[in-house]
Amino acid sequence: METIYLEATASGLQPICTSSIAVDHNIANKITILTQPSSTAIAGTSFATQPAYNIRDVYNNLVDDGAHTISLEAHTNIGCTASSGGTFNQTPKASSSGSATFSGTNHEKMESIYLKAGAPGLTSICSNAIIVSHSLASQLILTQQPSSATTAGVNFALQPIISIVDNFNNIAISSTDTISLSAWTSSDCTSTPSSGNFNSSNTAAFLGTALFSNVNHEKMETIYLKAAAPGFPFVCSNSINVNHNVPTQALFTVQPVANETIDKAFEIQPVLEIFDAHNNLTTSNNTSSLTLLAFNDSSCTITSGFNLNNNTFIATNGKITTNNINASSSNLTLYLKADFGSFSVCSNQTSVYPDLSAVYTSSQNTLSNHTIEINGGVPPLNCGAYTLNESGSTKSSCYTAGCSSDLCIDYTAGAQGNSSSDSFNIIDNAFDTNEVSINFNVVGPYYDLNSGNGAFGYSAIDVTQTITIINPGLNSTAISSSITGSDASLFQIGANDDCTSFNLDQTNTCDIDIDFLGSSAPSSSNFDAILTLEGSNGGLVTIPLTANK
């Protein structure tokens with residue numbers, strides 16, 4: 001495209017030149033690069049050298065008339081056929097006088113790109129390479145989340161990977177900052193730090209990324225990992241469910257009481273919980289087998305020489321609640337060893353004492369509405385575990401209507417009038433009948449209870465009841481007695497007392513008289529006290545004493 005002159009020549013003739021001829025461009029055919037963009041750039045920052053383009057015809061003449069709108073695209077190959085996945089920022093530019101110069105063009109992804117310039121109806125063109133680097137490091141990201149489930153004290157199968165990135169999530173490969181991890185139980189990694197032992201070492205980034213190793217947590221709970229580095233906002237991981245490890249230890253969470261009674265189920269049955277090496281309760285443990293053994297020393301090394309009657313149990317959700325444990329010998333000091341095979345634990349001390357039971361004999365009037373508590377609160381299983389045998393009355397069953405719990409039996413004498421005698425006994429069906437056998441012999445005459453007569457008959461006069469003490473245990477014991485309660489001054493140990501300092505065993509009995517000082521008592525009142533009988537080597541009976549006017 002130019003102004004030309006045509007020269008005509010012929011051999012032997014004078015040449016002649018035409019007047020000027022203006023040659024114009026042909027139609028627009030293609031785009032050519034006027035100015036290549038910068039060969040390097042920073043993510044999100046406008047290229048230092050912005051690209052410029054010409055519109056040309058097929059003969060490479062600049063087409064300087066008309067306006068053609070040129071747009072740019074970012075590609076990752078030299079032929080501009082593979083589009084970039086990053087964010088490329090440009091505004092289409094209309095040509096003027098056959099040229100178009102861009103401004104503000106930038107790319108946000110760290111990579112090498114090529115710019116493809118195109119316009120409708122024109123052949124496009126691809127630029128030289130532009131190497132886009134990351135911008136300033138500004139945040140942390142988790143490029144690999146830790147395992148969502150793990151075992152206490154065991155390294156996560158997937159260890160966390162933390163990267164330092166710019167505002168466009170490009171890894172800042174020049175960063176070498178040190179990143180730390182901490183464990184939290186709140187999903188925001190700010191409210192509640194974990195109280196468990198979290199194991200992790202601070203790790204410096206290499207090429208902008210920190211690869212952690214040997215990270216684990218020892219407490220059974222759900223945690224979130226907080227990744228932090230100076231100068232950056234922290235980042236919080238997804239949840240990690242930490243499960244308990246294998247059982248390695250146990251604890252008595254409920255100890256047996258200090259004093260127990262021979263052949264009686266322990267008043268407090270031991271409870272054990274099974275833990276892993278990191279003190280987590282093994283809640284999914286339904287397989288651990290426990291054997292209880294009796295020892296004579298607090299370290300459970302000296303065997304006691306006898307076995308407990310019930311000593312094998314299986315865990316449920318990591319917990320073992322024993323039942324029906326008792327000792328068949330008395331005067332023993334025991335420590336229970338819970339043996340799980342690979343580990344064991346020793347209980348606190350408990351002592352087994354002989355049983356001490358009382359036989360009531362009424363020497364004055366009728367025994368009525370009398371509540372008997374057996375063995376000082378060591379419970380018979382329930383009232384239904386006893387059989388009541390009675391003569392001279394229509395009563396034939398045990399009941400607890402007047403009792404506050406299943407630890408007692410409330411018996412009301414049924415016969416009234418001048419019957420000469422009435423007797424009954426209570427036999428413990430749950431255990432050896434020689435262990436607890438409480439016999440009552442009631443000597444008449446009987447009185448109308450509705451007329452105000454109490455357990456001691458006519459309370460206007462001083463009356464006496466005789467209580468016979470037996471010891472069904474294997475070992476002898478001496479008896480001590482005391483009377484306590486709000487009306488204790490109206491009751492006293494009578495003249496007949498051959499129990500105090502007496503060596504009581506299975507071959508003999510002893511008697512204690514209980515006097516009610518009815519003549520000294522106020523009128524129109526009910527009177528209560530408690531007689532306590534205690535063996536020198538254990539065993540306890542509490543006997544309610546009642547009278548009224």
Side-chain angles (χ1 to χ4, degrees), residues 1-136 166-168 170:
M1 185 180 71
E2 60 186 348
T3 299
I4 63 172
Y5 299 86
L6 300 181
E7 181 183 26
T9 61
S11 178
L13 298 178
Q14 180 73 32
I16 190 171
C17 191
T18 68
S19 59
S20 63
I21 304 170
V23 181
D24 201 359
H25 60 76
N26 207 321
I27 62 173
N29 173 262
K30 59 184 177 182
I31 300 171
T32 61
I33 296 176
L34 176 63
T35 304
Q36 289 280 359
S38 305
S39 60
T40 60
I42 296 174
T45 300
S46 297
F47 303 154
T49 301
Q50 292 287 309
Y53 299 90
N54 286 332
I55 308 297
R56 295 187 181 272
D57 62 14
V58 69
Y59 304 108
N60 215 32
N61 296 303
L62 181 67
V63 180
D64 57 1
D65 60 344
H68 296 271
T69 300
I70 301 173
S71 61
L72 300 179
E73 297 175 351
H75 291 262
T76 57
N77 65 327
I78 196 170
C80 285
T81 58
S83 296
S84 168
T87 300
F88 177 66
N89 299 304
Q90 62 88 35
T91 301
K93 187 73 173 178
S95 64
S96 176
S97 299
S99 298
T101 300
F102 283 79
S103 63
T105 305
N106 67 79
H107 190 56
E108 296 181 359
K109 184 175 182 181
M110 185 174 64
E111 60 183 349
S112 290
I113 61 171
Y114 302 81
L115 301 188
K116 180 181 180 180
L122 303 181
T123 301
S124 61
I125 193 169
C126 198
S127 74
N128 292 340
I130 307 168
I131 300 173
V132 182
S133 301
H134 65 78
S135 186
L136 292 176
D166 62 15
N167 287 336
F168 310 106
N170 298 303

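- The minimum heavy-atom distance linking Ser124 with Lys116 is given by the pair OG-CE, 3.4 Å.
- Taking CG from Asn167 and CG from Leu136, the interatomic distance works out to 8.5 Å, rounded to the nearest 0.5 Å.
- The backbone N or O of Ala52 lies less than 3.5 Å from no partner atom in the side chain of Thr35, so there is not a single donor-acceptor pair.
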Donor-acceptor pairs are to be reported for all side-chain atoms of residues 65-73 against protein atoms at under 3.5 Å, with residues two or more places apart or in another chain.
unit_1	atom_1	unit_2	atom_2	d
Asp65	OD1	His25	NE2	2.9
Glu73	OE1	His75	NE2	3.2

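- Closest non-hydrogen pair, His134 versus Ile42, comes out as O-CG2, 3.9 Å.
- Looking at every heavy atom in both residues, Ser38 comes nearest to Ala48 through OG-N, 3.2 Å.
- Atom OG of Ser84 is separated from atom NE2 of His107 by 3.5 Å, given to the nearest 0.5 angstrom.
- For the pair Asp24 (side chain) and Ala22 (backbone), a donor-acceptor distance under 3.5 Å is absent.
- A search for side chain to side chain contact (heavy atoms under 4.5 Å, CB included) contacts involving Ile125 returns Ile31, Ile33, Tyr53, Ala117, not counting sequence neighbours.
- With rounding to the nearest 0.5 Å, the separation of CD1 in Ile131 from OG in Ser112 is 4.5 Å.
- Applying the disulfide (SG to SG under 2.5 Å) test to pairs two or more places apart or on separate chains, those with a residue in residues 53-129 are Cys80-Cys126.
- Although no hydrogens or angles enter the test, the distance criterion places a donor-acceptor pair under 3.5 Å between the side chain of Asn170 and the main chain of Glu108.
- Contact record, Ser135 with Asp166: N-OD2, 2.7 Å, taken as the closest heavy-atom pair.
- We find the OG1-CD distance between Thr18 and Glu7 to be 9.5 Å, quoted to the nearest 0.5 Å.
- At a threshold of 4.5 Å between non-hydrogen side-chain atoms, the residues Phe168 and Val132 do not count as touching.
- Annotation for Ile16: atom CD1 does not count as buried by contact number, only 12 or fewer foreign heavy atoms lying within 6.0 Å.
- Looking at residues two or more places apart in sequence or on another chain, you find a side chain to side chain contact (heavy atoms under 4.5 Å, CB included) between Ala82 and Thr76, Asn77.
- For Asn54, the side chain to side chain contact (heavy atoms under 4.5 Å, CB included) partners at least two apart in sequence or on another chain are Thr32, Leu34, Arg56, Leu62, Ser99.
- Residues Ile27 and Asn29 are not in side-chain contact: their nearest non-hydrogen atoms beyond the backbone lie 4.5 Å or more apart.
- A 4.5 Å side-chain heavy-atom check between Pro92 and Gln90 finds at least one atom pair inside the cut-off.
- Ile113 and Phe47 get closest at one heavy-atom pair: CD1-CZ, 4.3 Å.
- Scanning all heavy atoms of the two residues, the minimum distance from Ala100 to Ala94 falls at CB-O, 4.1 Å.
- Distance alone, capped at 3.5 Å, is enough to place a donor-acceptor pair between the Asp57 side chain and the Asn26 backbone.
- Note: Leu115 CG to Ile130 CD1 = 3.5 Å, rounded to the nearest 0.5 Å.
- Taking the side chain to side chain contact (heavy atoms under 4.5 Å, CB included) definition, one finds that Asn128 meets it with Gln36, sequence neighbours left out.
- A donor atom on one side chain and an acceptor atom on the other are found under 3.5 Å apart for Thr105 and Gln50.
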